[in-house]
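Reminder, nothing fancy here: chain letters follow the sequence lines and each chain counts from 1.
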Amino acid sequence: MLTWLGANYITMIDGVALGVLLFTIALGLSLVFGVMDVLNLAHGALYLIGAYVAVQVLGGGSASLLAFAGAGVLALLIGGLAGAGLSVMTRPVARRGHLDQALLTLGVALVVADLLSAAFGNDVKSIDPPTAFAGSTSLLGDAYPTYRLVVIAVGLLLAIGAYVLIERTRVGALVQASVADAPMVRALGVDTGRLVTGVFAAGGGLAALGGVLGAPILSAYPGLDTRVLILGLVVVVIGGLGSVTGALVGALLIGQVETLGVSLLPTYASFLVFGTMALVLLVRPSGLLATGRSA
Amino acid sequence: MSGDFVVRDLRAGYAGSSVLDGVDLTVGAGEVVGLLGRNGVGKSTLMSTVVGWVTPTAGSITLDGQELAGLPTHRIARAGIAIVPQGRRVFAPLTVEGNLRIAVPAGGPRAWSLERVYQLMPRLAERRRNRGDQLSGGEQQMLAIARALLREPRLLLLDEPSEGLAPAVVDQVVEIVAGLRAQGLSVLLVEQDLHAAFALSDRILVMQKGRIVHDSTTAEFRSDGERGRRLLGVG
């Protein structure tokens with residue numbers, strides 16, 4: 001066992017880093033779907049916008065930590081505004097079923113992806129980590145990229161912040177209640193339209209911030225939006241709707257499947273993610289940590 | 001506390017099928033009105049239409065003269081109508097206290113507070129840290145009533161409050177609603193349990209095929225058992 005761990009722990013830490021990036025995508029998807037019952041297939045495009053913000057702001061070579069933080073704040077703002085815009089756009093189709101929502105948001109995603117391709121080209125754009133975290137750190141004698149450890153720390157801090165917001169504040173209670181039964185929340189005098197816009201904006205901002213954070217690891221390229229969207233949807237299905245803990249657990253699990261699983265079982269690489277999802281659906285159809293509906 | 005509630009020629013339904021076919025009713029300030037009828041005649045649809053979950057196709061709903069028909073649900077709630085829905089619909093992931101706190105309107109002095117509802121229903125105070133889905137049916141019903149009261153309603157809609165509860169628990173719920181009635185709250189009550197409906201209501205309405213077909217005092221309704229059985233389709 002120790003030998004196995006020794007041979008694979010670096011891959012497992014890579015999986016944690018990928019997991020926290022997926023968390024930044026999945027939390028917004030989970031809450032928007034849970035609160036408004038809107039399937040937002042443009043969510044991956046928000047991540048890609050964040051990645052290209054990093055390319056635009058930091059693309060000229062090694063950047064300072066301050067420049068990186070600035071790119072993060074800019075992406076947060078752009079993603080938040082785009083999320084709020086999506087909330088307004090999806091309002092007319094909110095009651096028309098998931099197919100209409102999927103078509104509308106998929107259309108938005110395609111337009112955004114084309115605009116980004118036109119602006120940045122079709123090549124893979126790599127970003128260096130901030131100079132302060134450019135080196136490596138010794139982990140049990142192995143050199144490991146410091147930036148990935150920072151991504152894990154920032155991702156976990158974001159998860160703790162989101163948990164506190166959802167579990168310990170009135171706004172969080174309203175979000176949870178809306179996931180459970182939005183019409184009943186409205187009958188308590190709450191304008192859930194404003195709540196939904198807030199959740200869309202926060203989810204969009206988080207996804208775009210994830211794009212900046214992930215740029216030095218996953219780069220930026222056409223098609224990245226689809227990849228993270230699909231993985232994000234799988235995370236939501238596995239974790240359960242409307243749950244911060246569910247999104248984190250699901251994201252960390254898929255992070256491991258995408259790295260450790262593929263490393264150990266390369267022949268079955270293309271089946272592992274969806275195989276895991278199918279297994280969870282068989283055992284717990286509502287996801288590992290769904291919050292529950294009206295009692 | 002006022003609460004003159006008037007419904008005129010209200011029509012509503014689902015996906016093209018008409019359920020409410022011209023409902024007329026009034027609930028006076030401080031009055032408890034029991035709405036009876038067989039399953040499927042439109043009682044719960046009426047409640048859902050009043051709170052805005054179902055959009056009316058025609059007609060008028062006013063509370064103290066303010067027109068509410070067609071308004072979004074949250075504005076109807078803010079106008080002073082609260083509902084204890086069929087099936088309770090307490091929020092499973094929230095604690096008892098969490099369920100109650102999100103119902104408290106922002107700002108201003110209030111007649112109902114958490115302390116007051118805990119005084120009225122001490123069982124909820126004991127269970128304040130428990131999640132909504134950890135409560136018994138009776139406790140969930142009390143929580144749904146407490147949550148509605150915290151909205152400071154001028155009209156309370158109670159949809160089948162005794163449904164699925166043991167007789168002893170029904171008695172507790174009846175006692176709570178009787179206390180609210182004594183405090184002058186206007187109530188529209190849908191109830192299959194005739195004992196509970198008669199114990200609480202000043203007037204009885206009977207609904208058939210989406211319309212009100214009978215309106216009398218409770219005493220008058222009970223004085224003619226044969227008519228009551230015919231209207232309700234029992235016996």
Surrounding [atom1] of [X] (heavy atoms of other residues, nucleotides or ligands, distance under 6.0 Å), is the total greater than 12?
| X | atom1 | value |
| --- | --- | --- |
| Arg128(B) | CZ | yes |
| Arg170(A) | CZ | yes |
| Glu175(B) | CD | no |

On a heavy-atom basis, which atom in [X] and which in [Y] lie closest, and how many Å separate them?
| X | Y | answer |
| --- | --- | --- |
| Phe91(B) | Asp181(A) | CE2-O, 3.7 Å |
| Ala77(B) | Gly189(A) | CB-N, 3.4 Å |
| Thr73(B) | Pro183(A) | CG2-O, 4.3 Å |

Can you say whether [X] sits under 4.5 Å from chain A via the side chain, the backbone, both, or neither, judging by heavy atoms?
| X | value |
| --- | --- |
| Leu94(B) | side chain |
| Arg101(B) | backbone |
| Pro85(B) | side chain |

Does the pair Thr192(A) and His74(B) meet the rule for a side-chain contact (heavy atoms from CB on, under 4.5 Å), with working shown?
-> CA-CA 8 Å; Thr192(A) 53; His74(B) 68 276; over 6 Å; no
For side-chain contact (heavy atoms from CB on, under 4.5 Å), just list the numbers for Val90(B) and Met184(A), CA-CA rounded to whole Å, side-chain angles, deciding distance to a tenth of an Å, and then say yes or no.
-> CA-CA 9 Å; Val90(B) 303; Met184(A) 192 62 229; over 6 Å; no
